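First comes the structure, then the notes that go with it.
The first residue in the sequence is number 1, and the count goes up from there. Keep in mind it's a predicted model, so treat the numbers as computed, not measured.
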Amino acid sequence: MRIVVNDHSGHAFTLQLSRQFAQSGHEVLHAYSVSFQSPKGNFEDLPVSGTSLTILPIMIKGAFDKYSLLKRREQEIDYARQLIRQLEIFRPDVVLSGTTPLFVQQHVQQYCINKGIKFVYWCQDIYTIAIRQIARRRLGFIGFPLWHYFKKLEAGLLKKSAHVVSITPGFNDLFQKWKIRPQQVTCIPNWAPLGEITPAKKKNEWASRHQVADKTCIVYSGTLGLKHNPSMLSAAAAYFRQHKDVVFIVISEGLGADFLQKEKEQQQLDNLLLLPFQDFREMSQVLGAADILLAILEQDAGAYSVPSKVLTYLCAEKPIVLAMPPDNLSAAIVLDNKAGYCIAPDNPQGFCRQIEKLVTDPALREEMGRNGRAYAERTFDIQHIENKFLQIFNTI
C-alpha cells in the first residue's frame, strides 16, 4: 500500500508510525512543517534514500504565524500546495492527515476526493474551540460569524472524509452534534515512542550542561498556546522561590514562553529556567533530569485536547502533576494508573500543594514514576497500533 502520513506539527509518535508502516513493507511518504513552532521528532537519524520511507520537510515563507488568521491562511494554502505537488508524484492509496490546520486539510482533502484517494482525517484536536477563543478575545460579539464559518468548515471536512480517526471518546458528543456517523469514526488513542523515551539517570550530561544535576527539577516541556495558562507555571515558581534547591525548567517557545520571560524578570524568579525546544535525541536525558513533570490545560479545552507531552512523560518513569479538567483523557490515565496528581486548572494553590507533596516525598515520586512507565509499556505497542490503522485503510 502507498501511504502518506501528513503531520503538520512533526511529532515523534507520528514519525514512529510512518517508520513502522515502512518496516512492514508499505511505501510511505511522511510530510511535516519545518516552519511550525513545536517540539519535533527525531528527523536526523533516518533511513537513507531509496528505502520505503520518504521524508518530506515542507518550508513556507517565514515562521508560521498561528495567531494571525489572514497570514496563517496564506501560509496554510502554501503548505497544502507544496504537499499536493508531492502527492501528484507519489500517487498514494491513502492519506492520513492530522495535527494539521483546517485550510491545509480542506485543500488536501479536495485533491484526494478529485483523484479517488482515500483521505483519513486524524482528529487530534478540535480547532473550532481555539478559534472561538481568538474570535471572542479579539473581536467580541462580532467574532461570532467568524467562529461559525470555521465550525461549518471543520464539521464539513470531518463528514467528507473517508474515515475519521479520533484520539479520545471525548470528541463523540461533538461528532454527534455535527451529524458525523459513528461508523465513520474509529478511536485510536495517541501514544509515545516507548523505545526512544527511556528512563535515564538524573545526573546526566544534559543536566550537568544546564547546571541542574544537583537540584530538585520540576519540568514542563511542550507548547504553551491558547489552551494553556502559563501563569500557573510562574505562580508555582513564585511559591517555591524560598526553596533554593528547587528549580522550575520550562522548555517551550512562542507566546507562553515570552509571557514567562516577562514574569521571570518582573517577579525576579531566579528559580525559573526557560529553554527553547530541545533536540528530541536528548529528550530521555531532559526528562531524566526531572524529579516532577508538569502539564496544564485550560477548562475550555478539557474534553477536546489530549496533550501528547503527558504520554511522553509516562515513558520517562517520573511522576506527573496536571492542572487540567479531570475528565480529560490524559488526566484519567494519570489518575487511574496512580502516576501523579490532577488539580482543576483554576486552582494554582492546589497545583502548588500537589507539587510540594511530591517534592517532600522521594519514595512516592519513584512509585508514581514506575506506575506511569508500566502503563506505557502495556499500552504503547507500535505493532498493535499499526494494525488498527491498517485495518481502517483496508476497510475503506
Side-chain angles (χ1 to χ4, degrees), residues 5 7-20 22 30-49 53-60 63-64 66 99 190-213 215 217-225 228 230 233 247-258 260-261 272-295 307-318 320 373 376 380 382:
V5 177
D7 169 29
H8 188 266
S9 296
H11 287 305
F13 71 95
T14 53
L15 177 59
Q16 183 195 28
L17 180 63
S18 289
R19 297 177 90 158
Q20 182 64 31
H30 184 100
Y32 75 101
S33 173
V34 177
S35 309
F36 187 72
Q37 203 173 37
S38 67
K40 304 295 185 192
N42 179 12
F43 287 94
E44 303 298 325
D45 302 329
L46 292 169
V48 295
S49 59
L53 174 61
T54 302
I55 301 298
L56 175 62
I58 297 178
M59 182 174 289
I60 58 173
F64 185 74
K66 63 170 73 174
T99 60
N190 279 351
W191 67 96
L194 194 63
E196 296 178 69
I197 303 294
T198 55
K201 293 180 180 179
K202 177 173 173 58
K203 293 188 177 182
N204 57 56
E205 194 276 330
W206 186 91
S208 298
R209 193 191 324 148
H210 291 89
Q211 301 179 330
V212 295
K215 300 282 189 179
C217 298
I218 303 168
V219 175
Y220 178 100
S221 177
T223 54
L224 278 170
H228 314 99
L233 302 176
V247 60
F248 282 76
I249 304 171
V250 176
I251 299 168
S252 191
E253 297 176 16
L255 285 181
D258 294 342
L260 288 175
Q261 182 61 47
L272 177 58
L273 175 61
L274 302 174
L275 297 173
F277 293 130
Q278 301 294 290
D279 190 322
F280 189 80
R281 290 172 294 180
E282 290 193 302
M283 193 51 61
S284 291
Q285 288 194 38
V286 173
L287 301 180
D291 295 278
I292 301 165
L293 296 166
L294 305 179
S308 57
K309 66 176 69 65
V310 176
L311 306 175
T312 303
Y313 289 171
L314 290 165
C315 298
E317 206 170 80
K318 295 298 171 76
I320 304 167
R373 177 72 188 187
F380 300 161
I382 189 59

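Side chains of Thr223 and Phe277 form a contact here, defined as non-hydrogen atoms less than 4.5 Å apart. Between Tyr313 and Val219 there is no side-chain heavy-atom pair separated by less than 4.5 Å. Side-chain contact between Leu287 and Lys318 is absent, with no heavy atoms from C-beta onward closer than 4.5 Å. With contacts defined as side-chain heavy-atom distances shorter than 4.5 Å, the pair Arg209/Glu282 qualifies. A 4.5 Å side-chain heavy-atom check between Leu194 and Arg373 finds at least one atom pair inside the cut-off. Counting heavy atoms from C-beta outward, Val286 and Leu275 have side chains that stay 4.5 Å or more apart.
Under a 3.5 Å cut-off, the side chain of Ser33 and the backbone N or O of Ser9 do not form any donor-acceptor pair. Asp7 contributes no side-chain N or O that, together with a main-chain N or O of Thr14, makes up a donor-acceptor pair within less than 3.5 Å. With hydrogens and angles ignored, the 3.5 Å screen pairs no side-chain donor or acceptor of Gln285 with any backbone N or O of Asn204. A donor-acceptor pair is defined here as one N or O able to donate and one able to accept, closer than 3.5 Å; such a pair exists between the side chain of Gln278 and the backbone of Pro276. A donor-acceptor distance shorter than 3.5 angstrom exists from the side chain of Ser284 to the backbone of Thr198, with no hydrogens or angles considered.
Annotation: the span from Ile197 atom CD1 to Leu311 atom CG amounts to 11.5 Å, rounded to 0.5 Å. Rounded to the nearest 0.5 Å, atoms SG (Cys217) and CG (Leu273) are 8.5 Å apart. Going from atom CD of Glu196 over to atom CE of Met283 covers 11.5 Å, rounded to the nearest 0.5 Å. Note that OG1 of Thr54 and NE2 of His30 are 11.5 Å apart. Values are rounded to the nearest 0.5 Å. Note that CD1 of Ile292 is 7.5 Å distant from CG of Leu294, once rounded to the nearest 0.5 Å. If you take CG on Leu274 and CD1 on Ile249, they are separated by 10.5 Å, rounding to the nearest 0.5 Å.
By the side-chain hydrogen bond (donor to acceptor under 3.5 Å, both in side chains) test, Glu253 pairs with Gln37, sequence neighbours left out. Every residue meeting the side-chain hydrogen bond (donor to acceptor under 3.5 Å, both in side chains) condition with Lys40, not counting sequence neighbours, appears here in chain and number order: Ser38.
Across all non-hydrogen atoms, the minimal contact from Phe280 to Pro193 is CZ-CG, 3.9 Å. Residues Cys315 and Ala376 approach most closely at SG-CB, 4.1 Å, considering heavy atoms. For the pair Ile382 and Leu17, the tightest heavy-atom approach, listed with the atom from each and the gap, is CD1-CA, 4.2 Å. Counting all heavy atoms, side chain and backbone alike, Arg19 lies closest to Leu53 at CG-CD2, 3.6 Å. The two atoms that bring Val34 and Pro57 nearest to each other are CG2-CB, 3.4 Å, heavy atoms only.
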*Given side-chain contact (heavy atoms from CB on, under 4.5 Å), test Ile55 with Leu15 step by step and report yes or no.*
CA-CA 9 Å; Ile55 301 298; Leu15 177 59; 3.9 Å; yes
*Take His228 and Tyr220, measure what side-chain contact (heavy atoms from CB on, under 4.5 Å) needs, and give me the verdict at the end.*
CA-CA 12 Å; His228 314 99; Tyr220 178 100; 3.9 Å; yes
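The aromatic rings of Phe43 and Tyr32 sit parallel, their planes meeting at an angle under 30°, below the 60° perpendicular limit. Ring planes of His11 and Phe13: parallel class, angle under 30° (limits at 30 and 60°).
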